[in-house]
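These notes concern the structure reproduced below.
These numbers come from a predicted model, not from an experiment. Note that these values count all heavy atoms, side chains included, but never hydrogens, waters or copies made by symmetry.
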Amino acid sequence: MSAFITAFLGVGPAMALGAALANHGNTSAVPECVQACSHLANIFGPDAYSLGNANVTLWDVKQQETHSACWVQPSSTEDVSTILSVIIDTSCRFAVKSGGHARDPDDSVSVGGVTIDMQKMRSVEVAPDQKTAKVGSGHVLLSLYEGVEKYNLTTLGGRVADVGLGGYTLGGGFSHLAPKYGLAMDNVFEYELVLPNATVAIVNQETHPDLYFALRGGMNNFGIVTHFTMRAVKQGQMLGGVRAYRADTRDAILEQAYELTTSWKNDTNMAFYYDYGYDQERDDFTITVSQEYTLPVLNPAPFEQLNRIPFEHSTIRLDRTSRFSIETASATPPGGRNLFATVTYSPSADLDRQLQDIMAKGLQPLKKASGFFPNLVIQPLYEGAIRAGKERGGNAAVALLTVRWGNAEDDERMNAFAQEWVERSTATTKSAGKHHPWLYINYASKAQDPFLSYGEANQQKLRRIQREVDPQGVFTSDGLCRGYFKLQ
């Protein structure tokens with residue numbers, strides 16, 4: 001079994017449009033994008049088109065500070081195809097936004113180009129046998145859960161309400177159902193995809209087996225996914241919530257976390273993760289443990305020992321997945337500057353402690369930084385999840401450090417803090433003989449290369465598939481869509 005830890009140390013007439021764009025705020029739109037925006041304004045009109053970043057909700061301030069030449073909101077796969085055709089014909093840069101929970105410019109907000117905002121594409125079509133659901137890629141996880149809960153179903157969604165389904169699923173997708181079914185990408189049976197040449201493909205194991213492989217962990221390197229057909233699972237209320245503990249309970253929590261990851265690994269109804277964070281106001285550390293159990297049982301056997309440890313407060317209860325996602329999102333609301341970084345290793349209470357101590361030592365010079373909140377998340381990747389992924393054909397694919405702060409002048413210091421944590425934690429896990437090279441792409445920093453961790457054979461396979469579907473390099477680092485992690 002491996003545990004993965006990620007560190008987060010979250011229109012007017014076309015003639016008038018060109019002049020408006022050229023002088024719009026902080027946007028430095030190139031002529032190609034002025035032309036693209038003019039065409040899109042004529043096609044889609046004010047209900048689906050806007051200049052700049054008007055009326056846009058974004059999680060990270062760095063993305064809020066990123067200005068696009070224009071935004072357009074498609075309502076269908078055909079709309080996406082039309083938009084991409086205009087963009088390619090004019091050679092304008094673009095980005096695709098699902099939930100807007102990314103952390104860097106060009107990831108989901110284009111720098112001076114076109115941002116394709118998928119939020120109108122939130123359909124839910126449940127199959128007659130209720131074993132699958134075809135869902136639009138513009139969902140955030142809350143709207144996804146609310147859509148399938150009408151049928152007393154759930155799916156392989158994540159834990160944070162405002163995270164977009166598109167990036168979450170293409171990057172992997174940890175879920176409370178992962179111990180039983182694998183990651184979210186292991187539970188997508190079909191993709192509706194607008195290819196880099198703006199044509200539409202239905203991608204599954206039978207129609208396009210190579211491309212189906214590539215989309216499961218290959219991120220946004222192969223086109224724009226407009227719909228996912230995902231596993232649906234019967235689900236009413238379940239156990240969830242968080243318990244918060246004082247720092248002096250750390251040894252007991254470390255022991256219980258190790259037991260849950262190892263001794264209880266065969267109870268695939270159980271999932272958990274825990275956080276070790278710095279509380280700037282108290283100048284102390286806090287620990288929170290998130291419990292998840294897919295059955296409506298208030299004190300299931302795996303958590304009995306953990307529940308005997310004294311805690312400060314608790315939200316543990318039986319509730320719907322949608323309600324738990326709202327609670328998790330409230331812990332990191334929009335309005336901060338954020339970065340993530342990750343290291344992967346085999347389960348070890350001692351390594352958990354050492355990586356927490358590395359964070360605690362490294363943050364000392366930053367303690368007075370405005371809005372500073374570093375948090376280390378220990379996220380197991382269960383044996384059951386690994387087995388389920390292999391059963392679905394494998395994929396090209398955790399301590400988690402999250403950092404949140406307030407001021408742009410601290411950006412460089414925060415990046416250096418995260419990078420130092422990665423380097424020291426990697427060295428520590430290697431020295432212990434427990435390091436694993438895999439990097440979970442949704443938790444990685446821009447200084448890390450998740451594709452390198454997939455292995456040389458998988459990297460070469462992914463690059464070959466990309467060259468076949470994108471010979472013009474539209475979705476490469478030198479192409480028109482440059483955000484997130486690029487294969488080439």
Before giving the answer on side chain to side chain contact (heavy atoms under 4.5 Å, CB included), spell out for Y382 and W264 the whole-Å C-alpha distance, their side-chain angles and the decisive distance to 0.1 Å.
CA-CA 10 Å; Y382 303 93; W264 290 99; over 6 Å; no
Starting from the C-alpha separation in whole Å, work towards a yes-or-no answer on side chain to side chain contact (heavy atoms under 4.5 Å, CB included) for D357 and K361.
CA-CA 6 Å; D357 289 344; K361 182 177 180 180; over 6 Å; no
Can Q488 and S477 be counted as having a side-chain donor-acceptor contact under 3.5 angstrom?
no
Out of curiosity, I316 CD1 to L306 CG, how far, rounded to the nearest 0.5 Å?
8.0 Å
Assess the side chains of T429 and H435: does a donor N or O sit below 3.5 Å from an acceptor N or O?
yes
With a 4.5 Å limit on heavy-atom distance, are the side chains of M238 and L295 in contact?
no
For T315 and E327, what are the C-alpha separation, side-chain angles and deciding distance, and is it a side-chain hydrogen bond (donor to acceptor under 3.5 Å, both in side chains)?
CA-CA 9 Å; T315 65; E327 176 185 331; 2.6 Å; yes
Quick one: does T132's side chain get under 4.5 Å of F189's, heavy atoms only?
yes
Okay, side chain of H139, backbone of R122: is any donor-acceptor separation there less than 3.5 Å?
yes
Compare every heavy atom of A432 with every heavy atom of L351, then report the nearest pair and how far apart it is.
CD2-CB, 4.0 Å
Taking atom OH of Y258 as the centre, does the number of heavy atoms from other residues, nucleotides or ligands within less than 6.0 Å exceed 12?
no
Please assess K97 against D117 for the test salt bridge (Lys or Arg N to Asp or Glu O under 4.0 Å), listing each intermediate value before the final yes or no.
CA-CA 5 Å; K97 170 186 170 290; D117 184 355; 3.3 Å; yes
Stepwise, does the ring pair (Phe, Tyr, Trp, His ring centres under 6.0 Å) test hold for Y440 with F174?
CA-CA 10 Å; Y440 179 47; F174 280 109; 4.6 Å; yes
R216 side chain near L170 side chain, heavy-atom distance below 4.5 Å
no
Report yes or no: do N338 and R404 form a side-chain donor-acceptor pair below 3.5 Å?
yes
For D107 and A95, the nearest pair of non-hydrogen atoms, with its separation, is O-CB, 4.3 Å
With a 4.5 Å cut-off on side-chain heavy atoms, are E304 and N307 touching?
no
Criterion side-chain hydrogen bond (donor to acceptor under 3.5 Å, both in side chains) on N407 and R337, from CA distance to verdict:
CA-CA 8 Å; N407 294 332; R337 310 176 79 83; over 6 Å; no
Please check if atom NZ in K367 has more than 12 non-hydrogen atoms from other residues, nucleotides or ligands closer than 6.0 Å.
yes
R323, CZ: over 12 other non-hydrogen atoms inside 6.0 angstrom
no
Between the side chain of Q235 and the main-chain N/O of T294, is any donor-acceptor distance below 3.5 Å?
yes
In terms of side-chain geometry, is the basic nitrogen of D251 or R353 positioned less than 4.0 Å from the acidic oxygen of its partner?
yes
Please report the interatomic distance CG(D275) to CD(Q356), rounded to the nearest 0.5 Å.
10.0 Å
So F475 and F222, ring pair (Phe, Tyr, Trp, His ring centres under 6.0 Å) or not? Walk me through it.
CA-CA 7 Å; F475 287 83; F222 304 93; 8.8 Å; no
Is it the case that D60 and Q64 place a side-chain donor and acceptor less than 3.5 Å from each other?
no
About how many Å separate CZ of R243 and CZ of F272, when rounded to the nearest 0.5 Å?
15.0 Å
Could you walk me through whether N269 and K180 satisfy the side-chain hydrogen bond (donor to acceptor under 3.5 Å, both in side chains) test, starting with their C-alpha distance in whole Å, then the side-chain angles of each, then the deciding distance to 0.1 Å, before giving a yes or no?
CA-CA 7 Å; N269 290 308; K180 189 171 293 186; 2.9 Å; yes
Tell me the closest heavy-atom pair linking L339 and A418, and the distance in Å.
CD1-CB, 3.3 Å
Can you tell me if CD on E409 sees more than 12 non-hydrogen neighbours from other groups inside 6.0 Å?
yes
CA sep, side-chain torsions, deciding dist, call: R231, D186, salt bridge (Lys or Arg N to Asp or Glu O under 4.0 Å)
CA-CA 9 Å; R231 183 190 300 275; D186 300 317; over 6 Å; no
Nearest 0.5 Å, please: how far is OG1 in T428 from CD1 in I358?
3.5 Å
Does this structure show an ion pair linking K434 with D350, if we count only N-O contacts that are shorter than 4.0 Å?
no
Would the F373 and Y278 ring centres measure less than 6.0 Å apart?
no
Count the heavy atoms belonging to other residues, nucleotides or ligands that lie under 6.0 Å from NZ of K131, then report whether that count exceeds 12.
no
For the residue pair E149 and S322, confirm or rule out a side-chain donor-acceptor distance under 3.5 Å.
yes
Student check: side-chain heavy atoms of Q256 and V289 closer than 4.5 Å:
no
Between D267 and Y293, is any side-chain donor less than 3.5 angstrom from a side-chain acceptor?
yes
Could you tell me whether K134 and E192 make a salt bridge, using a distance below 4.0 angstrom between a side-chain N and a carboxylate O?
yes
side-chain hydrogen bond (donor to acceptor under 3.5 Å, both in side chains) between Q63 and S108, worked out
CA-CA 8 Å; Q63 289 231 105; S108 57; 2.8 Å; yes
Could you tell me if Q280 and K368 have a donor-acceptor pair between their side chains, going purely by distance under 3.5 Å?
no
Taking the side chain from T261 and the backbone from A257, do they hold a donor-acceptor pair closer than 3.5 Å?
yes
With rounding to the nearest 0.5 angstrom, report the CG to CG distance, N220 to L487.
9.5 Å
When you compare the side chain of S137 with that of F228, does any pair of heavy atoms fall below 4.5 Å?
yes
Testing the basics here: between M270 and F303, what is the closest heavy-atom pair and its distance to 0.1 Å?
CG-CZ, 3.5 Å
Ignoring hydrogens and angles, tell me if any N or O in the side chain of Y276 forms a donor-acceptor pair with the backbone of T286 under 3.5 Å.
no
Going by atom types alone, do R159 and T328 pair a side-chain donor with an acceptor below 3.5 Å?
no
In sequence, state the C-alpha distance, the side-chain angles, and the governing distance for F417 and M359, and then conclude on side chain to side chain contact (heavy atoms under 4.5 Å, CB included).
CA-CA 8 Å; F417 167 50; M359 181 191 78; 4.0 Å; yes
Less than 4.5 Å apart, any side-chain heavy atom of T288 and any of Y245?
no
Taking all non-hydrogen atoms of both residues into account, name the closest pair between N187 and G182 and its distance.
ND2-O, 3.8 Å
Please find the pair of heavy atoms, one from W421 and one from L355, that lie closest to each other, and give the distance.
NE1-O, 3.2 Å
Let me confirm one number: the NE2-CG distance from H101 to L141, rounded to the nearest 0.5 Å.
9.0 Å
Would you kindly say whether Y484 and N221 are connected by a side-chain donor-acceptor distance under 3.5 Å?
no
Taking the side chain as everything from C-beta on, heavy atoms only, tell me whether V163 gets closer than 4.5 Å to V140.
no
Donor-acceptor check, side chain of T249 to backbone of R246, threshold 3.5 angstrom: yes or no?
yes
